Visitor: 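The structure follows.
None of these values were measured; they are calculated from a predicted model.
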Amino acid sequence: MRAAVHRRRTDLVVALLFVALAGWLTHGLWPAPGSRMLALNPADQTLYEWFLALDARALHGEFSLVTDRLNAPDGVNLMANTSVVALGVLLAPITLAFGAPVTFALLVAGNMAGTALAWYLLFTRTLRVGPLAAALGAAVCGFGPGMVSQSNGHLHMTAQWLVPVLVALVVRLLRAADPAGRTDGPDRMRAASAALGLAVVATVQVFVGEEVLFLTALTLAVTAVAYALTDRDLLRRALPTFAGGLLGAAGLALMVLAYPLWVQFAGPQGVADGIFPPAYFSADLTGWTRLSALTVFGSPEAVRLTTGPAEFTTFLGWPLLLVTVACAVWLRRRALVVAVVAAALVAAALALGPEVVVGGERTGVPGPYALLAGLPVVDGALPMRFALAVLPLVGTLLALAVHQARQDRGRAGRLVPAAVGAALLSVFPTPLPTVERPALPEFVTGGHWRQCVRPGGVLVPVPTATPKDPWPMRWATATATDVAFGMPEGFFIGPYGEGGTATMGTWQRPTSALLADVARRGVTPAVGDRQRRQAARDVDSWGASCVALTDDAPHADLLRRTLEQLFGPGTRIADAWTWRF
């Protein structure tokens, strides 16, 4: 009894430490997330806040996998986008009560702390390691360089708290499938329960982040194969029941996911390929030895070795790499360690992409990822994100090493925890940079938009939202009734490339392109009958209720004169000029 109480108290202390660290890393967003935003990736934050606001419509029974609230009238396929549906629906009450920026800030912090806590529980409950070892290993999983960098706007990549649950269920299935020590063969009831749990958790993870599920499945597959090759007796004993359980879990999950996946790949506005070129999003080999710019000892120069501040996925640095390798060598006789090392090496190799890059220079040497070229779905992955799978594998090795050292109670009992602690200090993260969020126009915050937009209608902001500047999407996010109006164009993934291939956003209609050019260059355009007829066609094609120009738009006076030439005199509503249709 005392042991159980002590364990719960220890778990609580560890959880509070993780929450405190996550809160400190995101303190720039508090206490007013509505007036602060991430400095390094504001466009993605805008997109995710829009998704969270849209997902909240589920509480009103107004939800579909294809929405007309963006890219009107064609709409947006939520399955083809990283729309974090499960997170948005789960936290819909918070979004409706306090706004999408609050939900976003909670998720940025909660994903890091929740992931770390989930791995801590896996290490203590499933691997049976001590709390100190588990906490150190879990800290790598939840707060490692890749996780912190992805927290700059990528909620679908940092929401990894279901990954340890998937791992625990796979381990449970394996143990139930292994008849060793039992006279009645495999425990088929436990195996069936684990398979059912796998199906449920995998299904939920699809609606949290498919990319994380893909990385988890691949890593578990490599780990399982390596473990089986290390322990052939276990392979012979457990394979039939274990494989049957995995197939059963996959079958159950596909029964539920068949329609959503059809929508994603073949439904309206669906895409069947990736949008980003693998060669561009390849990890630089040198990056593994560098420290992320988002760590206390990191250098801003590290940015040149990656594609941006949200992709410091490989930057473990020499101290952590050397300590991890030393721990792996020390524990090399354990089958689990061999399997974990094998999976880490495969993930690290795939992260290098189709061509190895060293110090920013392409070497011409093909990387292992080249073997995946042309494979459906897989070929659309971002190679450098395979490195995210290395973090929990490193965390597992460190947890096992610290636990073993403390069990030995010799010199290793002091040396290993100290070395691991020092290595983790070398990658200790710094708070996420934030800036003041530009104020929204009174036209939006005061609800004045209702005077010119029909219920459920389309509002055309000037200029329209684009992938490079999605700011007008915050207008819809800020409405008290969760994305109460639609917008044309915008920031999303859609099938607007050659042959229906994936693109970021869509092509601009002539009128929105003309107005965007005015906003960008501040040059008076030539407007005649042809432009006016085109503007009428564009407004009709969007199904627009209203065109709105707020005072904070760039070159607002010139834009207003242009709009008056296109549509006639506007109507002043609060701090906006409007044209109703």
Side-chain angles (χ1 to χ4, degrees), residues 11 14-15 18-19 22 48 51-52 55 58 78-79 82-92 103-104 106-127 134 137-144 146-147 150-151 154-174 193-221 223-224 245-246 248-250 252-254 256-257 260-261 264 343 347 381 385-386 388-393 395-396 399:
D11 294 347
V14 171
F18 287 155
V19 170
Y48 278 100
F51 279 138
L52 292 170
D55 295 338
L78 297 183
M79 291 300 298
T82 54
S83 52
V84 292
V85 172
L87 301 181
V89 172
L90 178 66
L91 299 182
T103 305
F104 179 87
L106 284 174
L107 284 170
V108 173
N111 283 346
M112 288 188 283
T115 298
L117 180 59
W119 280 106
Y120 168 81
L121 294 175
L122 174 77
F123 292 152
T124 55
R125 305 309 196 261
T126 302
L127 295 187
V140 177
C141 303
F143 299 97
M147 281 289 288
Q150 291 287 332
S151 295
H154 294 168
L155 297 182
H156 68 299
M157 297 305 303
T158 60
Q160 296 185 23
W161 27 268
L162 285 179
V163 173
V165 180
L166 288 168
V167 175
L169 288 167
V170 170
V171 173
R172 182 180 178 186
L173 176 59
L174 177 61
S193 173
L196 178 60
L198 271 174
V200 172
V201 177
T203 299
V204 175
Q205 182 62 48
V206 166
F207 295 100
V208 174
E210 290 178 83
E211 196 168 353
V212 167
L213 180 61
F214 168 73
L215 293 174
T216 303
L218 178 65
T219 305
L220 282 172
T223 304
L246 291 179
L252 289 172
L254 285 175
V256 179
L257 294 172
L261 292 178
Q264 177 176 347
R385 289 186 183 171
F386 281 92
L388 289 174
V390 176
L391 273 184
L393 296 169
T396 302

Visitor: Mind telling me whether Phe104 and Tyr48 have parallel, tilted or perpendicular rings, with 30° and 60° as the class edges?
Guide: tilted
Visitor: Which value, rounded to the nearest 0.5 Å, describes the distance between Leu393 atom CG and Cys141 atom SG?
Guide: 8.5 Å
Visitor: So how far is it from Leu87 CG to Phe51 CZ, rounded to the nearest 0.5 Å?
Guide: 12.5 Å
Visitor: Output every pair passing salt bridge (charged side-chain N to carboxylate O under 4.0 Å, His left out) with a member in residues 210-221, not counting sequence neighbours, ordered by first then second residue.
Guide: Glu211-Arg385
Visitor: State, to 0.1 Å, how close Met112 and Phe143 come at their nearest heavy-atom pair, and which atoms those are.
Guide: CB-CE2, 3.7 Å
Visitor: Using the test side chain to side chain donor-acceptor pair (under 3.5 Å), find all partners of Asp55 that sit at least two apart in sequence or belong to another chain.
Guide: none
Visitor: Closest approach of Ala343 and Thr223, non-hydrogen atoms and distance?
Guide: CB-OG1, 3.2 Å
Visitor: Run the side-chain contact (heavy atoms from CB on, under 4.5 Å) test on Asp11 and Arg125 for me, step by step, so that the C-alpha distance in whole Å, both residues' side-chain angles and the decisive distance to 0.1 Å come before the verdict.
Guide: CA-CA 11 Å; Asp11 294 347; Arg125 305 309 196 261; 2.4 Å; yes
Visitor: Under the rule for side chain to side chain contact (heavy atoms under 4.5 Å, CB included), what residues qualify as partners of Ala399, not counting sequence neighbours?
Guide: Phe123
Visitor: Test side-chain contact (heavy atoms from CB on, under 4.5 Å) on Trp161 and Val165; report intermediate values, then the result.
Guide: CA-CA 8 Å; Trp161 27 268; Val165 180; over 6 Å; no
Visitor: If you take all heavy atoms of Gln160 and Met157, which pair is closest and at what distance?
Guide: NE2-O, 2.8 Å
Visitor: For a side chain to side chain contact (heavy atoms under 4.5 Å, CB included) with Leu213, tell me which candidate from Leu166, Val163, Val201 qualifies.
Guide: Leu166
Visitor: Could you check whether any side-chain heavy atom of Phe207 comes within less than 4.5 Å of a side-chain heavy atom of Val89, counting everything from C-beta outward?
Guide: no
Visitor: Which residues pass the side chain to side chain contact (heavy atoms under 4.5 Å, CB included) test with Ala195, sequence neighbours left out?
Guide: Ala249
Visitor: Determine whether Thr158 and Thr115 satisfy the following criterion, side-chain contact (heavy atoms from CB on, under 4.5 Å), listing intermediate values before the conclusion.
Guide: CA-CA 8 Å; Thr158 60; Thr115 298; over 6 Å; no
Visitor: Would you say that Asn111 contacts Leu155 through its side chain, given a criterion of any heavy-atom pair below 4.5 Å between the two side chains?
Guide: yes
Visitor: Please identify each residue that fulfils side chain to side chain donor-acceptor pair (under 3.5 Å) with Thr396, with sequence neighbours left out.
Guide: none
Visitor: I'd like to check the side chain to side chain contact (heavy atoms under 4.5 Å, CB included) partners of Leu122; sequence neighbours left out, ordered by chain and number.
Guide: Trp119, Thr126, Pro164, Val167, Ala168
Visitor: If you look at every heavy atom in Gln205 and Leu162, which pair is closest and at what distance?
Guide: OE1-CB, 3.4 Å
Visitor: How close do Thr124 and Leu121 get, counting heavy atoms only, and between which atoms?
Guide: OG1-O, 3.2 Å
Visitor: Rounded at 0.5 Å granularity, tell me how far CG in Leu198 sits from CG in Leu252.
Guide: 10.0 Å
Visitor: Give, for atom CG of Leu173 and atom CG of Leu196, the distance between the pair rounded to the nearest 0.5 Å.
Guide: 12.0 Å
Visitor: Where do Arg172 and Ser193 come nearest, in terms of heavy atoms and distance?
Guide: NH2-OG, 3.5 Å
Visitor: side-chain contact (heavy atoms from CB on, under 4.5 Å) between Leu107 and Val84: does it pass, once the steps are laid out?
Guide: CA-CA 11 Å; Leu107 284 170; Val84 292; 5.9 Å; no
